[in-house]
Number of protein chains: 2
Amino acid sequence: MTVPFNGSISRTQRVSLCVYSGFCTGVERAVRLAEGYLRERPGQELYVTGDIVHNAGVMRRLTSIGLKRIEGDAPPVGKTVLVQAHGISPSVEEVLVKNHNRIINGTCPILKANFDRFRLAEEQGFRSFLFGDRAHPEVEAIQGLLRDVVVFRDLEELSGLRNRVLTTDKIALIAQSTKPVDEYRRSAKMLVEQLKPQQLFQMHFSICAATILREEEIKEKAPLFSTVFIVGGKHSANTKKLVLLAREQCPRVHWVEDVEEARGYLALIQKSDTILIGGGASTPLQDIKAIEALFL
Amino acid sequence: MTVPFNGSISRTQRVSLCVYSGFCTGVERAVRLAEGYLRERPGQELYVTGDIVHNAGVMRRLTSIGLKRIEGDAPPVGKTVLVQAHGISPSVEEVLVKNHNRIINGTCPILKANFDRFRLAEEQGFRSFLFGDRAHPEVEAIQGLLRDVVVFRDLEELSGLRNRVLTTDKIALIAQSTKPVDEYRRSAKMLVEQLKPQQLFQMHFSICAATILREEEIKEKAPLFSTVFIVGGKHSANTKKLVLLAREQCPRVHWVEDVEEARGYLALIQKSDTILIGGGASTPLQDIKAIEALFL
């Protein structure tokens, strides 16, 4: 894949933003739902089932206009509750409904489609092997959705599941939508190596396009720049992967949460440096533009 | 996998038979059906839809007691017809039934199960990519069974199908049951590399255990012998693959159809040679034992 530059690279241009920057459509939608609700009803509260997205700045801004994060096990009663972009498990939703809350579903539509397909696979007798991080809300939602799901976080853990693979007639490989695509493909290949006659293997390519395109752009462009800034929350899995990919390609990569943190690196930048700025699916475009402005 | 030797290898033992030798259960069954029918009804004819199995010796023997191969496009009328182990397409079967023939189904039960699963995948909206040889009766049977199937014979041909892969939402990879297992796994990996978000990939591990076990045994044992004889029909795909695998591991490999052909190589054998004898799924055990007897 060749990713277009926004602007051409020359000796005089030192700064380039990644084309695939800013919120993905799922995050955009969830944030807009929250913002729209709160702006139209000043003074009202809106509860959310967790981080709408893994970005501290976004959460701070929404909290300042009335968003409340549900903490611990005590669900609100008779409130309006926004389901976070990562989705929630049916049992959590059930408790919210029982407590007379009004639900606004902020689940990313791509995740929603994935969840439906995973459930169909289970109905068809497939046992799911989920490539994901156990503590991630998307994974918790999927675990709540399926009766039987085996979670693994990396290839090493998958290789330890050999016995379960061998004793499962119908295997469905599924993934948290923001896991690294290269590792997901390697997981599939590892399973293909283990298959026996009459086994049925199914791979849901459930990693979202936003994740893949950002990764491919970083892989392609990072070697062309002397410095890369990756902007995004330190809890964001897809942002972290961008940092790791950039570090394979470029000697100087800074992972920053916001413009203030980026400012700390200004002293390291030379006039001759060329700078690439990118971010995860939960990083607002204005955070990236604010960092660009430091160099313009 | 470690394959047990039948007998131990020592300096004094020069000849070893492959453990996985002789007819696979599917071939065994089809031959027994033909033989049983003809022996119980001396003088009667039995028609067969093609080679019961790809072995000239077996076909000659059965022909001598009354088996008739249906040639060309003219179906018999009012006869008893045995379906060959590779199966036939529903349209061919329909013509036979319309012509008042009595059908004995000699289709290998493993193929039958595969065919049912392929059809289910199609009903569920999957488009099948079939790893197989276009002229092979098993492939013809599958092509007759499915409305839409894309056949490829090797990895090179599959790589040329990139556009069709990219435009298919639900891909089912299926295989002729006797194709080489390593290439089949490589085909799956090639497809996994091409997947895009939301695509669904399914792999039916439809290569039969008899094929896989024979291949693994040859890979494991061929390097331990100075000469390998592979016994089987020159039209047999799985026999050919055994020959190729053996040649990767052992400098002297002879592909022979029968004991007469093997006799031609006797002059090349030294007292110090060690000899391994194996064969494809359609090679009778007595053919292999007859060659062993040359050296005992």
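Chain identifiers are assigned alphabetically (A, B, ...) following the order of the sequence lines, protein sequences preceding nucleic acid strands; residue numbering begins at 1 within each chain. These numbers come from the heavy atoms of this one structure, side chains and all, not from hydrogens, waters or symmetry mates.
For B:N163, the CG atom is loosely surrounded, since the number of other residues' heavy atoms within 6.0 Å does not exceed 12. By the neighbour-count criterion of 12 heavy atoms within 6.0 Å, atom NZ of B:K240 is sparsely surrounded, having that number or fewer from other residues, nucleotides or ligands.
For the atom pair CG (A:D169) and CZ (B:F205), the distance works out to 14.0 Å, reported to the nearest 0.5 Å. Note that CZ of A:R117 and CD of B:Q198 are 5.0 Å apart. Values are rounded to the nearest 0.5 Å. Annotation: the span from B:I212 atom CD1 to A:L195 atom CG amounts to 9.0 Å, rounded to 0.5 Å. Distance check: B:K189 NZ to A:M190 CE gives 10.5 Å after rounding to the nearest 0.5 Å.
Of the atoms belonging to A:I207, it is backbone heavy atoms, and not side-chain ones, that fall under 4.5 Å from chain B. Within the 4.5 angstrom heavy-atom criterion, only backbone atoms of A:K196 (N, CA, C, O) approach chain B.
In this structure, A:L200 and B:M203 have side chains that are not in contact, with every pair of non-hydrogen atoms separated by 4.5 Å or more.
Of all the heavy atoms in B:C208 and A:P197, the pair that sits closest is C-CG, 4.0 Å.
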